Protein chains: 2
Amino acid sequence: MKLSTKIRYGTRALVYIAAFGKNRYVSISEISEKENISLKYLENIMTLLKSSGLLRSMQGAGGGYYLAKSIDELTLADIMYSISGPIFLVRCLSEYECNREMECVLKDVWNDVNNVLDKKLRSIKLKNIVKKRKRKIKSFA
Amino acid sequence: MKLSTKIRYGTRALVYIAAFGKNRYVSISEISEKENISLKYLENIMTLLKSSGLLRSMQGAGGGYYLAKSIDELTLADIMYSISGPIFLVRCLSEYECNREMECVLKDVWNDVNNVLDKKLRSIKLKNIVKKRKRKIKSFA
DNA sequence: TAATATCCTACTAAACTAATAGGAATTATA
DNA sequence: TATAATTCCTATTAGTTTAGTAGGATATTA
């Protein structure tokens with residue numbers, strides 16, 4: 001139940017782009033430097049975020065990444081699912097293969113927990129995080 | 001974000017004991033057989049549950065395990081924490097070592113998610129699960 | 001003393017995580 | 001038209017974690 005570095009770094013990258021990438025492309029090298037994340041590793045992560053449609057990109061000098069959707073639309077759930085696939089606490093919630101269904105009550109229980117988690121993740125939008133960030137920076141000024 | 005087999009098996013074992021272990025010792029071999037879990041592996045798991053105080057045991061022939069607390073008290077959170085240690089989605093929620101606190105807003109965000117998850121897990125008692133189980137078995141009768 | 005348990009200490013194969021490496025393709029600009 | 005800056009693509013790898021296995025010591029009952 002630990003978040004992977006991919007999810008943590010990926011979220012930071014998206015928050016960075018959301019905060020500093022208005023009307024411009026943000027390069028991996030910039031994010032890597034400012035957020036202190038290995039360039040090459042971040043590359044892998046950006047690829048995931050792009051191929052699941054959260055980011056778009058522009059190649060070549062002056063190029064970089066930009067958000068594919070509005071910051072009011074993108075949620076933590078989107079980010080996590082893009083990077084690690086949909087979250088199912090137990091496999092039987094997605095695939096079928098349990099032969100103990102008669103006796104099994106835990107499926108419903110885990111499903112319940114899963115839903116609570118999912119709902120929470122969906123409720124946290126990139127916009128909220130960026131706002132929070134601005135308030136925080138201000139309070140230090 | 002998948003539950004480990006230890007957590008899944010451990011939970012099943014506890015539910016089994018809660019359901020069938022009134023006023024008697026339940027052996028690992030019985031649980032192993034009825035729940036289809038490798039005996040030796042289950043042994044490891046039971047040790048974890050015992051050493052964190054959820055189970056007590058009696059050695060020797062006729063011995064086995066029994067709940068150390070009431071089924072009204074034991075929650076999913078207890079079970080998960082006993083097996084895998086306290087759940088912190090990100091390390092900075094437990095240990096100290098982040099040098100980016102000034103800019104970091106994600107700590108609060110993850111903490112928020114963490115709390116929601118924790119609260120949910122604490123709300124699900126072994127008693128609820130056993131009740132659910134009985135209802136289900138009844139409905140098949 | 002035999003059978004049935006837990007208890008204890010190790011070992012191991014497979015999968016997953018967190019990177020790293022090298023270069024090809026694309027684009028802006030000097 | 002070079003050159004620099006960028007994404008894109010394909011691999012490889014070291015380390016960690018997971019899921020399980022193995023063998024025997026110790027305790028208890030009958």
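No experiment lies behind these values; they were computed from the predicted model shown.
Atom C1' of nucleotide dA5(C) and atom CZ of Arg24(B) are separated by 14 Å, given to the nearest angstrom. Atom NZ in Lys2(B) sits roughly 12 Å away from atom P in dA19(D) (whole-Å rounding). Atom CD in Glu43(B) sits about 15 Å away from atom C1' in dA19(D), given to the nearest Å. The separation between Lys6(B) atom NZ and dA15(C) atom C1' is 15 Å, rounded to whole Å. What separates CG of Leu42(A) from P of dT20(C) is a distance of 12 Å, to the nearest Å. What separates OH of Tyr41(A) from P of dA19(C) is a distance of 5 Å, to the nearest Å. Nucleotide dA19(D) holds its C1' atom 9 Å from the CD1 atom of Ile45(B), rounded to whole Å. Atom C1' of nucleotide dT16(D) and atom CZ of Arg91(B) are separated by 13 Å, given to the nearest angstrom.
In this structure the side chain of Arg122(A) never reaches within 4.5 angstrom of the side chain of Leu76(A), judged on heavy atoms. By the 4.5 Å heavy-atom criterion applied to side chains, Lys125(B) and Leu74(B) are not counted as neighbours.
The residue Ser29(A) sits close only to the backbone: its heavy atoms come under 4.0 Å of sugar-phosphate atoms, none of a base. Within the 4.0 angstrom heavy-atom criterion, only backbone atoms of the sugar-phosphate kind lie near Met58(B); the bases stay farther away. Here Tyr65(A) lies in heavy-atom contact (under 4.0 Å) with sugar-phosphate atoms only.
At the phosphate of dA19(D), OP1 or OP2 sits under 4.0 Å from a side-chain N or O atom of Thr5(B).
At a cut-off of 3.5 angstrom, the base of dT9(C) holds no donor-acceptor pair with the side chain of Asn44(B). For Gln59(B) against dT26(D), a side-chain N or O and a base N or O form a donor-acceptor pair under 3.5 Å. Side-chain to base pairing of Lys40(A) with dG22(C): one donor and one acceptor N or O lie within less than 3.5 Å of each other.
Nucleotides of DNA chain C nearest to Tyr9(A) and Lys50(B) differ in position, and the one nearer the 5' end is that of Lys50(B). When each of Gly62(A) and Leu3(A) is assigned the nucleotide of DNA chain C bearing its nearest heavy atom, the one mapping closer to the 5' terminus is Leu3(A).
A salt bridge is absent between Asp78(B) and Lys69(B); no separation between the charged side-chain nitrogens and carboxylate oxygens falls under 4.0 Å. Salt bridge Arg24(B)/Glu30(B): present, at least one basic N to carboxylate O contact under 4.0 Å.
Separating the CG atom in Leu14(A) from the CD1 atom in Ile83(A) is a distance of 7.0 Å, to the nearest 0.5 Å.
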